[in-house]
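Shown next, in structure tokens, is the structure this report addresses.
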Amino acid sequence: MNDSVGYLLDTHTFLWSFLCSDELSEKVRDILEENKNPIYVTTISFWEVAIKEQLGKFSLNGINSLLLPNIAKNYDYEILNPDAYDFITYKELPLQKNHKDPFDRMLIHLAIRKNLILLSRDHIFPQYESAGLQLLW
């Protein structure tokens, strides 16, 4: 990654970027359309989609989830593969009583660790700003 501002898409932000962009805030839509800075989607999001799809928690409106990496590339999103240190340092992210979702917490941790601005509408995420999370919606 270079020194420019980079953005990490929360899983719902990634999905909405091509399924229903009207769900995105105007700020986020502008960032995605301008595409001046690197925009990342992490393999953690692909894993989350696979698990939640298998459990029947959501559907991709007829889109085959196997196409998601190609869709990300078609939108010029860079795929971020966490490394061993990203995983082992996960324990450094403070635990919050009301937030134990491992997918969300790993996205937050990656955003902090990689100095990326997380694009998310999740109302629980602001509690991590004191830990260094840069958040935008």
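For the single chain, residues carry numbers from 1 onward in sequence order.
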TODO: Output yes when Lys73 and Glu78 qualify as a salt bridge under the 4.0 Å nitrogen-oxygen rule, no when they do not.
DONE: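 Looking at Lys73 and Glu78, the cut-off is not met.
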Open item on the list: Closer than 4.0 angstrom, basic N to acidic O: yes or no for Lys57 and Glu53?
Closed with: no
Roughly how far, to the nearest 0.5 Å, is the [atom2] atom of [Y] from the [atom1] atom of [X]?
{"X": "Arg29", "Y": "Glu34", "atom1": "CZ", "atom2": "CD", "value": "12.5 Å"}
{"X": "Glu23", "Y": "Ser17", "atom1": "CD", "atom2": "OG", "value": "12.5 Å"}
{"X": "Leu8", "Y": "Ser120", "atom1": "CG", "atom2": "OG", "value": "9.5 Å"}

Task: Asn37: partners by side chain to side chain contact (heavy atoms under 4.5 Å, CB included), with sequence neighbours left out - done: Ser4, Val5, Tyr7
Task: Qualifying residues under side chain to side chain contact (heavy atoms under 4.5 Å, CB included), relative to Phe18, sequence neighbours excluded - done: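 Side chain to side chain contact (heavy atoms under 4.5 Å, CB included) list for Phe18, sorted by chain: Phe14, Leu15, Ile63, Leu68, Ile71, Tyr75.
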TODO: Is it possible for you to say whether Ile44 and Leu55 belong to one hydrophobic cluster, with membership spreading through side-chain heavy-atom contacts below 4.5 Å?
DONE: yes
Task: Close side-chain approach of Asn115 and Gln134, heavy atoms under 4.5 Å - done: yes
Task: Residue pair Leu133 / Leu118, side-chain heavy-atom distance below 4.5 Å - done: yes
- [ ] Answer yes or no: is there a donor N or O on one side and an acceptor on the other, between the side chain of Ser25 and the main chain of Val28, under 3.5 Å?
- [x] yes
Open item on the list: Would the distance check show the side chain of Thr13 and the main-chain N or O of Leu9 forming a donor-acceptor pair, the cut-off being under 3.5 Å?
Closed with: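 Absent.
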- [ ] Quick one: do Phe103 and Trp47 satisfy side-chain contact (heavy atoms from CB on, under 4.5 Å)? Show the steps, please.
- [x] CA-CA 9 Å; Phe103 302 112; Trp47 183 37; 3.5 Å; yes
Task: Residue Ile88 excluded, over 12 heavy atoms near CD1 under 6.0 Å - done: no
Task: salt bridge (charged side-chain N to carboxylate O under 4.0 Å, His left out) between Lys114 and Asp86, worked out - done: CA-CA 9 Å; Lys114 305 292 186 185; Asp86 294 326; 3.2 Å; yes
Open item on the list: Quiz question: by atom type and distance under 3.5 Å, do the side chains of Arg105 and Tyr128 form a donor-acceptor pair?
Closed with: yes
